[in-house]
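Below: the structure, in structure tokens.
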Amino acid sequence: LIATAIAGTGWTSNLITLTCTRSDALAAGASYPPITVTVSVATNAPASITNFVTVSGGGETNLLNNTASDPITIIILTPIQAWRYQWFGTIANSGTASDTAIATSDGMPNLLKYALGLNPLVPAGNPLTCDISTGHLRLISLRNPDATDVTLSAAVTGDVTGSWATNGTTVDPSTPNVFQAHDNTAIDAAAERLMRLRVTRP
């Protein structure tokens with residue numbers, strides 16, 4: 001953990017030394033306002049850690065109760081949870097942050113924008129391109145290299161009102177930033193072929 005802020009009402013705080021001081025007297029049985037320490041959690045942080053705090057000063061005579069410890073559990077966010085928190089301030093798959101929510105006029109749901117690495121709060125143009133230069137209908141798409149918890153695939157059909165199948169496509173050599181796939185049926189062997197991108201996650 002790396003401390004990024006430390007503060008409390010009435011306290012003079014020092015982020016570098018992680019100390020807080022004050023000079024007002026504390027009445028018997030009373031307590032000072034709490035101190036809040038904000039931290040950045042490393043992606044390789046252990047599953048649990050223990051925080052320690054020490055108090056001193058004020059002319060006290062009992063030094064045996066000046067240290068306290070606080071064990072905590074660290075929950076590492078999944079990639080999509082981190083993405084939701086970045087854009088919506090929550091990790092919950094609900095409301096405006098849900099996979100199916102559409103935040104702009106482009107009609108693209110959050111899950112699609114996450115998978116393609118697009119800003120969910122800004123309308124985007126068509127992120128897909130298609131061509132037939134190989135003799136097959138081919139789809140090329142942006143890809144979010146951090147979205148390791150989603151699967152991109154292509155689906156094809158010969159009838160827009162019929163069923164779509166992914167087993168009629170082949171994923172071409174792709175990169176962490178680009179997804180490519182083509183229809184297994186040659187363009188001169190079918191009267192009509194349609195292709196679309198499919199994004200799924202567990």
Side-chain angles (χ1 to χ4, degrees), residues 2 4 40-47 73-202:
I2 299 175
T4 58
S40 173
V41 182
T43 56
N44 62 346
T73 299
I74 295 178
I75 301 174
I76 303 299
L77 301 181
T78 65
I80 196 168
Q81 287 176 328
W83 184 85
R84 285 194 199 109
Y85 190 79
Q86 174 189 357
W87 294 110
F88 300 102
T90 179
I91 65 171
N93 182 14
S94 62
T96 58
S98 70
D99 288 352
T100 57
I102 299 173
T104 63
S105 59
D106 57 25
M108 287 189 251
N110 286 335
L111 184 62
L112 180 60
K113 287 199 166 182
Y114 165 67
L116 304 187
L118 301 174
N119 183 335
L121 306 179
V122 175
N126 187 352
L128 308 180
T129 58
C130 291
D131 66 53
I132 56 174
S133 60
T134 61
H136 296 260
L137 185 60
R138 184 171 63 136
L139 178 148
I140 304 170
S141 168
L142 299 173
R143 171 189 269 173
N144 177 2
D146 297 325
T148 56
D149 47 357
V150 296
T151 300
L152 274 62
S153 60
V156 291
T157 184
D159 180 0
V160 70
T161 62
S163 60
W164 293 78
T166 56
N167 59 5
T169 66
T170 298
V171 175
D172 296 319
S174 302
T175 71
N177 298 294
V178 176
F179 171 81
Q180 299 183 82
H182 72 266
D183 182 3
N184 293 341
T185 301
I187 57 173
D188 59 358
E192 180 180 54
R193 295 296 284 176
L194 301 107
M195 194 172 194
R196 69 182 182 185
L197 179 70
R198 177 176 290 175
V199 178
T200 57
R201 74 180 188 89

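Each residue takes its place number in the sequence, starting with 1. The structure presented is a predicted model; accordingly, all values stated were derived computationally and were not measured.
- Residues A181 and D172 come closest through the heavy atom pair C-OD2, 3.5 Å.
- The two atoms that bring A101 and T96 nearest to each other are CB-O, 3.5 Å, heavy atoms only.
- Rounded to the nearest 0.5 Å, atoms CG (N184) and OG1 (T170) are 3.5 Å apart.
- Across V178 and R143, no two heavy atoms sit closer than the pair N-CB, 3.9 Å.
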task = With side chain to side chain contact (heavy atoms under 4.5 Å, CB included) as the test, would you mind laying out the steps for V156 and T185 before giving the verdict?
result = CA-CA 9 Å; V156 291; T185 301; over 6 Å; no
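- Of all non-hydrogen atoms in P123 and D106, the two that sit nearest each other are CA-OD2, 3.4 Å.
- A side-chain donor-acceptor contact under 3.5 Å links S174 to the backbone of Q180.
- In this structure, the side chains of M195 and C130 stay at 4.5 Å or more apart for every pair of heavy atoms.
- Within the 3.5 Å criterion, the main-chain N or O of S163 finds a donor-acceptor partner in the side chain of T157.
- Within 6.0 Å of CD1 in I132 there are 12 or fewer heavy atoms belonging to other residues, nucleotides or ligands.
- Side-chain contact of T175 with N177: a donor-acceptor pair under 3.5 Å is absent, judged by distance alone.
- Going from atom NE2 of H136 over to atom CG of D188 covers 8.5 Å, rounded to the nearest 0.5 Å.
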Worked check of side chain to side chain contact (heavy atoms under 4.5 Å, CB included) between D99 and N110 = CA-CA 5 Å; D99 288 352; N110 286 335; 5.6 Å; no
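- Looking at D146 and W83, their side chains never come closer than 4.5 Å, going by heavy atoms from C-beta outward.
- The nearest pair of heavy atoms linking I80 to Y114 is N-OH, 3.3 Å.
- The structure places CZ of R201 at 7.0 Å from OG1 of T78, a figure rounded to the nearest 0.5 Å.
- Side-chain atoms of K113 come within 3.5 Å of backbone atoms of V122 as a donor-acceptor pair (strictly under, hydrogens ignored).
- With a 6.0 Å radius and a threshold of 12 heavy atoms from other residues, nucleotides or ligands, I76 has its CD1 atom above the threshold.
- A salt bridge links D131 with R138; the closest basic N to acidic carboxylate O contact falls under 4.0 Å.
- Here R84 contributes atom CZ and T90 contributes atom OG1; the two are 8.0 Å apart, rounded to the nearest 0.5 Å.
- Across all non-hydrogen atoms, the minimal contact from T169 to A165 is CG2-O, 4.4 Å.
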Side chain to side chain contact (heavy atoms under 4.5 Å, CB included) assessment of F179 paired with L116 = CA-CA 9 Å; F179 171 81; L116 304 187; over 6 Å; no
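- Rounded to the nearest 0.5 angstrom, N93 CG and F88 CZ are separated by 11.0 Å.
- A donor and an acceptor atom, one from each side chain of D159 and T161, are located under 3.5 Å apart.
- For the pair R198 and W164, the cation does not sit on the ring face, since its NZ or CZ is not both under 6.0 Å from the ring centre and inside 45° of the axis.
- Summarising the geometry, atom CD1 belonging to I75 is positioned 7.5 Å from atom CD1 belonging to I91; distances are rounded to the nearest 0.5 Å.
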